[in-house]
Asker: 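Pasting a structure here, questions to come.
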Amino acid sequence: MTNWETIIGLEIHAQLSTESKIFCGCSTHFGDEPNANTCPVCLGLPGALPVLNRRVIELGARAALALGLQINNRSIFARKNYFYPDLPKGYQISQFDQPFSANGELEIMTAERDDAGHPLEWRPKKITITRLHLEEDAGKNVHEGLPDIDRYSYIDLNRAGTPLAEIVTEPDFRTSWEAYDYVNHVRRALQWVGASEADMEKGNLRCEANVSVRRRGAEKFGTKVELKNLNSVRFMHRAIEFEVERQIGVLEAGGHLQQETRLWDERAAETRVMRSKEEAHDYRYFPEPDLPPLEVSDEFIANVRDGMPELPEARRKRFMEVYGLSFPDASQLTSERSLADYYEKTAAASGDPRAASNWIRTELLRELDAAGLTAQDSNVSPEALGTLVQLINDDKISGKQGKEVLHEMFKSGKTANAVVEERGLVQLSDTGEIDRIIDEVIVSNPSQLEQYRAGKEALFGFFVGQVIKASKGKANPKIVNERLKAKLSS
Amino acid sequence: MADNGKTISELASGIKSGEITARAVVESSVAAAEKLNETLNAFLEIDRDGATKRAATIDSTSPLAGIPIAIKDNICVQGMQTSCGSRILGDYHPPYNATVIDRLLSAGAVVIGKTNCDEFAMGSSNENSAFGAVKNPWDTSRVPGGSSGGSAAAVAAGIVPVALGSDTGGSVRQPASLCGVVGLKPTYGRNSRYGLVAFASSLDQVGIFARTTEDVARVLEIIAGRDLHDATTADVPVPDYASQLSGDIKGARLGFPKALFGEGLDAEVRASVEAAVNVYRDLGAEIVEVELPHAQYSIAVYYIIATAEASSNLARFDGVRYGFRAEDAPELRQMYRKTREEGFGPEVKRRIMLGTYVLSAGYYDAYYRKAQQVRSLLKQDFQKAFERCDAIITPTSPTPAFLLGEKVDDPLAMYLNDVYTVTANLAGIPGLSVPCGLSAGRLPIGFQLLGGYWSEPTLFKLAHAYETAQPFTERPPVHAD
């Protein structure tokens with residue numbers, strides 16, 4: 001433990017999953033021709049006015065409720081004024097002193113990691129979310145890949161006016177892993193309730209970190225630095241680690257830190273000054289006169305709440321209590337809503353929730369990952385996987401056969417029974433037949449038999465393997481064990 | 001060309017009966033505009049081809065069939081320019097119609113041109129137009145008022161029966177008064193602002209000029225009402241304004257704010273407006289003294305709120321996407337600076353600086369927030385006053401039209417022109433300016449009627465009663481044949 005304590009606060013911008021923009025009817029579709037999805041409103045043409053998209057309120061409410069925030073019955077849009085070519089109106093419509101929602105307390109699970117990145121001990125941690133407010137995104141300046149790019153910059157305003165939820169925490173994080181786990185928690189929560197795709201690679205979830213350090217025991221916060229350009233959770237983690245080291249280095253050398261904004265450069269693996277405090281903007285926020293206050297009734301909030309799925313934490317707890325799953329297993333199964341749904345259906349169909357958990361987490365996810373699919377696109381339905389688990393539990397096929405069957409099911413979309421029948425994979429449980437195979441195996445391995453009888457009991461496994469092999473994998477391992485034990489010791 | 005100078009009703013019945021054609025009416029209007037523009041500089045664009053083409057296709061049963069109309073050059077009309085009287089917009093042509101324009105076109109009106117105005121509607125004399133001042137048809141050495149001076153002059157000179165302007169602090173009512181026509185600033189939220197280039201969004205409202213209250217009412221019922229493109233329009237039914245004009249006004253209570261008839265008010269204007277009060281008394285109205293204790297702060301409050309909003313609204317004129325862009329500015333900041341330096345006129349720059357200042361960190365509470373608080377108090381003043389009366393009467397402008405150049409070097413004196421009009425914008429209530437005679441120097445004088453929210457029918461009825469009792473039939477020396 002060092003003498004320094006790290007203090008981190010996070011700002012997340014999440015794009016809300018609407019079909020159209022926040023203040024006009026243009027599509028939010030990603031990847032279209034530059035400026036294809038624009039109109040007088042999002043181009044900031046003279047005379048055009050914003051009108052709030054109702055869907056934004058609903059998705060904003062879902063996001064706020066999923067993160068434990070209180071939704072304000074009345075919030076105010078405000079103009080954030082600054083000049084930049086990708087900001088067509090010269091101001092961004094955002095919210096300032098009366099945000100859409102505030103006062104959230106969120107419990108996340110977090111763990112420090114060892115050098116290999118494996119979690120040490122999972123523990124709960126409470127994070128205060130100061131606010132979640134609604135705003136519009138800016139467009140994009142393009143500096144490459146177009147004619148005369150050495151002389152011109154281009155502007156693509158397709159993204160201008162895309163709805164965002166900005167989620168701001170208190171400086172509650174003490175380690176970079178806490179920040180890492182929080183961002184993943186928020187991502188999952190937003191995806192879970194359908195508020196955002198929250199995909200950092202696509203840029204529809206962006207993150208900024210305010211980082212400072214102070215001597216352990218000190219009450220005053222140190223000088224904070226804002227980190228930008230954190231394009232993945234991993235980058236964010238690395239940037240914070242770098243920045244903490246940098247700040248401690250400066251302070252231990254007797255230097256002073258500047259309050260500034262720094263950019264993470266992933267290639268150089270360092271943070272660099274983007275602008276100093278003196279260059280910071282005065283945004284001259286004031287209430288947006290073109291939009292009336294946003295009124296949200298308690299009834300509306302209740303309706304949104306009623307329409308929300310059970311949240312991931314609640315579901316994880318229930319999986320542990322009702323199905324007897326471990327924390328890591330339950331966490332894994334609640335990492336995505338479609339996976340949790342899939343699991344519950346499989347658990348019910350199989351009658352064995354723990355076996356269902358094992359099959360999904362190991363075999364099914366491997367197949368899905370290999371095919372680049374999520375649970376909801378799985379070629380094997382939960383009911384089909386449940387049947388497979390049942391066949392194994394009923395000793396109709398062995399676990400090893402089960403893996404083969406699942407692979408085939410995944411490939412062909414056939415049911416477990418169909419694959420078993422086709423391949424003649426019925427498990428061999430006939431003791432007479434198994435005895436015959438055991439006898440053959442014993443006869444053909446006299447030296448091993450001798451050693452075993454002389455006390456080398458580790459060879460038992462060798463015999464089991466030989467018998468299963470001789471049965472072409474069909475022999476019921478439980479019976480093989482019983483019969484083999486009896487025969488070897490007779 | 002006997003059609004010029006006629007009212008909507010006269011023209012409409014003529015067109016309907018076949019006595020005259022929409023085409024003839026429009027052609028005569030365009031011809032008058034072209035001819036008189038040399039003297040008045042009221043139009044920045046006259047669309048002869050578009051207007052005559054359109055007039056030929058008009059369905060004569062539409063309520064405004066074939067009525068020629070002039071539009072202030074800060075309201076978007078597709079196919080025509082929108083310069084806002086500024087260099088910075090260059091030859092900007094909007095790709096869409098303002099909602100009020102769509103509604104006028106659907107009603108059969110024909111836009112004949114875009115009228116000159118103070119740059120971005122900032123001014124009270126029209127001298128802030130980048131394209132030269134408009135001249136007052138009553139005396140071409142004098143200002144027409146502002147900022148909608150071109151629209152006011154076009155109606156006063158008989159070029160069109162009706163024109164649209166915008167009123168942020170009096171920009172329809174004051175030039176209406178100075179040019180001797182009727183001018184309405186409706187209740188905030190009555191008309192759509194979609195397509196009106198914003199000056200101060202919480203104060204702006206599209207207004208109407210005409211020679212009679214009836215014509216103003218006819219146009220308002222076409223353009224008023226909720227617009228899904230403007231979240232500040234109200235979902236309040238639009239009455240049939242023009243059919244509710246007549247009837248006696250006996251027992252109507254007319255508020256008289258005595259304190260506003262004191263210092264700074266021209267003696268002739270006072271006498272003329274007081275005479276109007278007597279006309280109302282004779283018509284059976286009850287004159288009630290009212291107080292507006294916070295009205296004395298309204299100019300200060302107005303110039304804080306209006307400039308604050310303007311500083312933000314005008315940020316989009318940055319040379320990036322449309323309009324003027326300065327040459328020889330290879331670097332971004334440089335391009336912004338030069339474009340705005342060369343593109344905006346001095347009054348616009350002054351207001352952008354004022355507005356930027358009052359919103360800046362450390363000053364917001366002292367200026368902007370305080371101004372909003374006083375604005376609330378002013379609203380309460382009016383609410384209280386309207387418990388005691390149906391409408392309030394004031395002068396529209398403290399003086400008749402002043403000389404071109406008289407106040408250009410004294411912005412404060414210029415701002416004080418708005419002393420009677422800005423209150424309506426701050427409170428969001430309607431205001432109507434009605435001509436009530438000429439000064440000894442044959443310059444028009446107007447009075448203003450203010451009412452509570454959505455009280456346009458009351459204002460129209462009161463104005464119509466006055467017009468019937470005291471018809472204003474004088475015509476300016478510069479007038480269409």
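Just so we're clear, the structure is a prediction, and the values are computed from it rather than from any experiment. Numbered from 1 within each chain, the chains take letters A, B, ... in sequence-line order.
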Asker: Can you tell me which portion of A:Ile155 sits under 4.5 Å from chain B's heavy atoms? Options are side chain, backbone, both or neither.
Answerer: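 Only the side chain of A:Ile155 comes within 4.5 Å of chain B.
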Asker: Check whether B:Leu332 gets within reach of chain A through its side chain, its backbone, both or neither, counting any heavy atom under 4.5 Å.
Answerer: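 B:Leu332 touches chain A through side-chain heavy atoms alone.
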Asker: Thinking salt bridges, do B:Glu341 and B:Lys349 make one under a 4.0 Å N-O criterion?
Answerer: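 B:Lys349 and B:Glu341: salt-bridged.
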Asker: Which bit of B:Leu89 comes within less than 4.5 Å of chain A, counting heavy atoms only: side chain, backbone, both or neither?
Answerer: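 When you check distances to chain A, only side chain atoms of B:Leu89 fall under 4.5 Å.
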Asker: Check the angle between the aromatic planes of B:Tyr302 and B:Phe199 and answer parallel, tilted or perpendicular using the 30° and 60° thresholds.
Answerer: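 It falls in the perpendicular class, over 60°.
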Asker: What part of B:Asp204 gets closer than 4.5 Å to chain A, counting heavy atoms only: side chain, backbone, both or neither?
Answerer: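 Contact with chain A: none, neither part.
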Asker: With only heavy atoms counted, which part of B:Ala98 is less than 4.5 Å from chain A, the side chain, the backbone, both or neither?
Answerer: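 Neither the backbone nor the side chain of B:Ala98 comes within 4.5 Å of chain A.
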Asker: Given that the side chain runs from C-beta out, which part of A:Pro88 has a heavy atom under 4.5 Å from chain B: side chain, backbone, both or neither?
Answerer: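 Backbone plus side chain of A:Pro88, per the 4.5 Å heavy-atom cut-off to chain B.
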Asker: Side chain, backbone, both or neither: which part of B:Thr82 has an atom under 4.5 Å from a heavy atom of chain A?
Answerer: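 Looking at B:Thr82, nothing touches chain A.
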Asker: Using 30° and 60° as the class limits, which term best fits the ring planes of A:His281 and A:Tyr283: parallel, tilted or perpendicular?
Answerer: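 Aromatic pair A:His281/A:Tyr283 classed tilted.
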Asker: Please answer whether the main-chain N or O of A:Gln15 pairs with a side-chain N or O of A:Asn204 as donor and acceptor at a distance below 3.5 Å.
Answerer: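 Not a single qualifying donor-acceptor pair exists.
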Asker: Using a cut-off of under 4.5 Å on heavy-atom pairs, state which of A:Leu291, A:Val41, A:Leu45 scores highest against chain B.
Answerer: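 Going by pairs under 4.5 Å, I would pick A:Leu45.
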Asker: Among B:Ser312, B:Ala231, B:Cys84, who wins on heavy-atom pairs under 4.5 Å with chain A?
Answerer: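 The answer is B:Ser312.
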Asker: Given heavy-atom pairs under 4.5 angstrom as the criterion, report whether the side chain, backbone, both or neither of B:Tyr368 touches chain A.
Answerer: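 Interface part for B:Tyr368: side chain.
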Asker: Would a distance-only check, ignoring hydrogens and angles, find a side-chain to backbone donor-acceptor pair under 3.5 Å from B:Arg103 to B:Ala224?
Answerer: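 Yes; at least one donor-acceptor contact below 3.5 Å.
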Asker: Evaluate the ring planes of B:Tyr322 and B:Tyr92, with Trp represented by its six-membered ring, and classify them as parallel (under 30°), tilted (30 to 60°) or perpendicular (over 60°).
Answerer: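 B:Tyr322 vs B:Tyr92 ring planes: tilted.
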Asker: For the ring pair B:Tyr194 and B:Tyr96, is the centre-to-centre distance below 6.0 Å?
Answerer: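 Ring centroids of B:Tyr194 and B:Tyr96 are less than 6.0 Å from each other.
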Asker: Go through B:Asp318, B:Thr232, B:Thr356 and name the one with the most non-hydrogen pairs under 4.5 angstrom from chain A.
Answerer: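 Heavy-atom pair counts peak at B:Thr356.
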Asker: Please classify the contact of B:Tyr363 with chain A as side chain, backbone, both or neither, using a heavy-atom distance under 4.5 Å.
Answerer: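 Neither part.
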Asker: Would you give the length of the straight line joining atom CG of A:Leu230 to atom CZ of A:Arg206, rounded to the nearest 0.5 angstrom?
Answerer: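 Interatomic distance, A:Leu230 CG to A:Arg206 CZ, rounded to 0.5 Å: 12.0 Å.
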Asker: Less than 4.5 Å to any heavy atom of chain B: does that hold for the side chain of A:Phe83, its backbone, both, or neither?
Answerer: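 The answer is both parts of A:Phe83.
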Asker: Does the B:Gln205 side chain pair with the main chain of B:Asn191, one donor and one acceptor, at a distance under 3.5 Å?
Answerer: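 Indeed, once roles are kept as given, a pair shorter than 3.5 Å links the two residues.
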Asker: Output the option from B:Arg369, B:Gln372, B:Arg193, B:Arg333 having the highest count of non-hydrogen pairs under 4.5 Å with chain A.
Answerer: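 Winner by heavy-atom pair count: B:Arg193.
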Asker: With a 4.5 angstrom heavy-atom cut-off, could you sort out which part of A:Asn81 is near chain B: side chain, backbone, both or neither?
Answerer: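 The side chain, not the backbone.
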Asker: Taking the side chain from A:Gln95 and the backbone from A:His133, do they hold a donor-acceptor pair closer than 3.5 Å?
Answerer: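 No: the side chain of A:Gln95 does not pair with the backbone of A:His133.
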